[in-house]
**Student:** 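Got a structure here, written out as structure tokens. Questions coming.
All of these numbers come straight from a predicted model, not from anything done at the bench.
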Amino acid sequence: MADSNNTTNGGFRKAWGMLPADEQPKIREKIKETCGWASNTTFSQRLNGHSEFRPLEVEALKAIFAAWNIDFEKAEYIKQLAQ
């Protein structure tokens, strides 16, 4: 589970940093709602690697980040953007 968990390698934090800053508040609320996290504290604990993700949370996060062309587990773009 450690490979897909992302709490040890900082993948969630790295992927989070790849999101547009002006969209982060809306995305945070979507993540909280989708994963059933009731508070910003839970979000922060996951973001900082202090709590492990449940398998369903990982799947939800993959989908949310994929909508932004970000691979949640690798914290890199799925498709490189044309320059």
**Student:** NZ/Lys14 to CD/Glu76 distance, rounded to the nearest 0.5 angstrom?
**Tutor:** 10.5 Å

**Student:** Check side-chain contact (heavy atoms from CB on, under 4.5 Å) between Lys32 and all other residues, then give those that pass, not counting sequence neighbours.
**Tutor:** Arg28, Glu29, Trp37, Asn40, Phe43

**Student:** Between the side chains of Thr42 and Ser39, is a donor N or O closer than 3.5 angstrom to an acceptor N or O?
**Tutor:** yes

**Student:** Suppose we screen for salt bridge (Lys or Arg N to Asp or Glu O under 4.0 Å). Which residues come up paired with Glu33, at least two apart in sequence or across chains?
**Tutor:** none

**Student:** Do other residues, nucleotides or ligands put more than 12 heavy atoms under 6.0 Å from Ile78 CD1?
**Tutor:** yes

**Student:** Looking at Ile70 and Met18, what are the two nearest heavy atoms and their distance?
**Tutor:** CD1-CB, 3.6 Å

**Student:** Measuring only between side-chain heavy atoms, which start at C-beta, is Ile64 closer than 4.5 Å to Phe72?
**Tutor:** no

**Student:** Can you tell me how far OG of Ser44 sits from NE2 of His50, rounded to the nearest 0.5 angstrom?
**Tutor:** 9.0 Å

**Student:** Please enumerate all residues that pass salt bridge (Lys or Arg N to Asp or Glu O under 4.0 Å) together with Glu23, with sequence neighbours excluded.
**Tutor:** Lys26

**Student:** Could you grab the distance from atom CG of Leu61 to atom CD1 of Ile27, nearest 0.5 Å is fine?
**Tutor:** 11.5 Å

**Student:** Might you point out which heavy atoms bring Glu52 and Glu57 nearest each other, and give the distance in Å?
**Tutor:** O-OE1, 4.2 Å

**Student:** Are Trp68 and Tyr77 linked, directly or through intermediate hydrophobic residues, by side-chain heavy-atom contacts shorter than 4.5 Å (ILVMFWY only)?
**Tutor:** yes

**Student:** Taking C-beta and beyond as the side chain, do Phe65 and Ile31 meet within less than 4.5 Å on heavy atoms?
**Tutor:** yes

**Student:** Quick one: closest heavy-atom pair of Ala15 and Ala75, and the distance?
**Tutor:** N-CB, 3.7 Å

**Student:** Would you give the length of the straight line joining atom CG of Asn48 to atom CH2 of Trp16, rounded to the nearest 0.5 angstrom?
**Tutor:** 12.0 Å

